[in-house]
Asks: 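Next up is a structure, given as structure tokens.
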Amino acid sequence: MAEQDLLQDLGWRGMIQQMTAEEDFKVHLAKGMQVVYCGFDPTADSLHIGSLVPLLALKRFQQYGHKPIALVGGSTGLIGDPSFKANERQLNSEQVVGQWVKSLKTQVSQFIDFDCGENSAIVANNLDWTKNVDVLSFLRDVGKHFSINQMIQKESVKQRIDRDGEGISFTEFTYMILQSYDFAELNKRFNCTVQIGGSDQWGNITGGIDLTRRMNRQQVFGMTLPLVIKSDGTKFGKTESGTIWLDPKKTSQYAFYQFWINTADADVYKFLRYFTFLSEQEIVAIEEADKQAQGRPSAQGILAKEVTKLVHGEEGLEAAMRITQAMFQGTLADLGEGDLEQLAQDGLPASELPADFAEKPLTSLLAESGMAKVGREVKDALGRNAVWVNGEAKSSEDNMSSGEIFSRDKALYDKFFLVKLGKKKNHLFTRR
RNA sequence: GGUGGGGUUCCCGAGUGGUCAAAGGGAUCAGACUGUAAAUCUGACGGUUCGCCUUCGAAGGUUCAAAUCCUUCCCCCACCA
């Protein structure tokens, strides 16, 4: 692929928010392989889909022949990025952050190629070069290059400084300096000349560019990616049941797939551009076809497939689709014993019936399993015949007859009960 | 430090002794319509095994009865110093 195409590719996808020295940057990328980095701070034991955009951007750079560095913020994670955050953050212990760094390293590594010759990816940890820096040299060698006057002008910390009742600690204020130092250090170590990040990182990125120029006398570049906005104004990546994580232990492949399949029509073509590697022509063709066709658009299905495959691989996708098939298209009769066992493994919410299930009303039983937040929701659903156990609709009168409903002879293969609440919630109960 | 205004259920916000589990809106959940959409309409919305149990910043008090009155304390906001 021609070097020129990278920015064009990112451009039509709508993935360029801002960049520094546009013309110079273009020329720079066209010169040949460049080293590009993006940082990921450990704020939890897994990344969530919000990190997918920069992660995939690194992959795109690699596709076009550049060398990606995924930087895991072992040290910056200890400090906390104040950018556009309304409140001071709670510090996490070194041990916890250390653990998170490990998880993130493995996670990030799935997305980029470490074995493709010259532009193989690198994973780095900024703790490696910050843990042994002593305060005095840091203040003299690095701190001297920063002007407080400039730092407090940055939009990202302004609200914390201006706003009454909120402040910013010296610790968080220093975050920008640490991240800037990373860029300078990566520049020195790996000749890294490009940093990318979310649009909230603009302040930190330009800080790094300035520092690298001052410390290393090198011109480096920065680019930010747009924040993912949903058409209805709600926050991307969060559902009522929580954050969508990349770790299948935290968000099953099935739940992950379902998240994408439920994408609003107004967002789905944009998301295809952001989150898949489909070409412009392909995406336009999908959009056109959906416009012509009646009924359900095909885009959500394609998006869900592509992204699930990207994050969870071919097997994860198959697992997710297996459950989706069974829950939304198939009939229970089609499922064999092995299939039911498999569903639980594939990520269908499942649990064992408690020993005293017969004494409990359905309301508490289903609420405790996590199907509903409170018993009231189950009751409401029962009142509308929206609860099915093994395909049989239950009503309010059945609330107190758990013993009968989950009796051995009603079970599939002597132990399974597939409970459906409403259209979208399924749970597999097993009985010993 | 002074003066004034506030803290109400997930969020915003009404409520100034019983008719208050507390108006209205948002969010959420379920139903209808659909496409596992959107919009719209309907219902639910502190918990409950429907007997009750627990809420209105906190703790005490007055009263048959308190979100509402009194006392102390904590927190927030505005203006002044």
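Any value given below was found using the heavy atoms of this structure, including those in side chains, with hydrogens, waters and symmetry copies removed. First the proteins, then the strands, lettered A, B, ... as listed; each starts at 1.
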Asks: Can you tell which of B/rU36, B/rA30, B/rG35 lies closest to the side chain of A/L421?
Replies: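 Given the options B/rU36, B/rA30, B/rG35, the side chain of A/L421 is closest to B/rA30.
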Asks: Treating primed atoms plus P, OP1 and OP2 as sugar-phosphate and everything else as base, which nucleotides of nucleotides 40-47 of chain B get B, S or - for protein heavy atoms under 4.0 Å?
Replies: ---BS--S
Asks: When both hydrogen-bonding distances must be under 3.5 Å and the geometry is Watson-Crick or G-U wobble, what is B/rA44 paired with, if anything?
Replies: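 Paired with B/rA44, as far as the under-3.5 Å criterion goes, is B/rU28.
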Asks: Over how many whole Å does the gap from A/Q300 atom CD to B/rA38 atom P extend?
Replies: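 Rounded to whole Å, this separation is 10 Å.
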Asks: Using heavy atoms to find the nearest nucleotide of RNA chain B for A/M400 and A/I261 separately, return the residue whose nucleotide is more 5′.
Replies: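 In this pair, the answer is A/I261.
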Asks: Rounded to the nearest Å, what distance is computed from the CD1 atom of residue A/I323 to the P atom of nucleotide B/rU36?
Replies: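 The answer, rounded to whole Å, is 18 Å.
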Asks: Could you note down all residue pairs passing salt bridge (Lys or Arg N to Asp or Glu O under 4.0 Å) where residues 412-432 of chain A supplies at least one of them, sequence neighbours left out?
Replies: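 Pairs touching residues 412-432 of chain A that pass the test: A/E341-A/K415, A/E352-A/R432.
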Asks: Figure out the CG/P separation between A/D265 and B/rU36, and round it to whole Å.
Replies: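 Those two atoms, CG and P, are 12 Å apart.
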Asks: How about A/F271 and A/F236: are their ring centroids closer than 6.0 Å?
Replies: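 Here the rings of A/F236 and A/F271 have centres that are less than 6.0 Å from each other.
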Asks: Within this structure, what is the CG-to-C1' distance between A/D267 and B/rA38, rounded to whole angstrom?
Replies: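 Going from A/D267 (CG) to B/rA38 (C1'), I get 11 Å.
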Asks: Look at the aromatic rings of A/F416 and A/Y413 and report parallel, tilted or perpendicular, splitting at 30° and 60°.
Replies: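 Ring orientation, 0 to 90° scale: perpendicular.
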Asks: With syn defined as a glycosidic angle within 90° of 0 and anti as everything else, classify B/rG4.
Replies: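 B/rG4: anti.
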Asks: Using a heavy-atom distance cut-off of less than 4.0 Å, which residues of residues 422-432 of chain A contact RNA chain B?
Replies: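 Nucleic-acid contacts, sorted: A/G422, A/K423, A/K424, A/K425.
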Asks: Checking contacts here: which listed nucleotide (B/rG35, B/rU49, B/rA30) is nearest the side-chain heavy atoms of A/T363?
Replies: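 Closest of the options to the side chain of A/T363: B/rU49.
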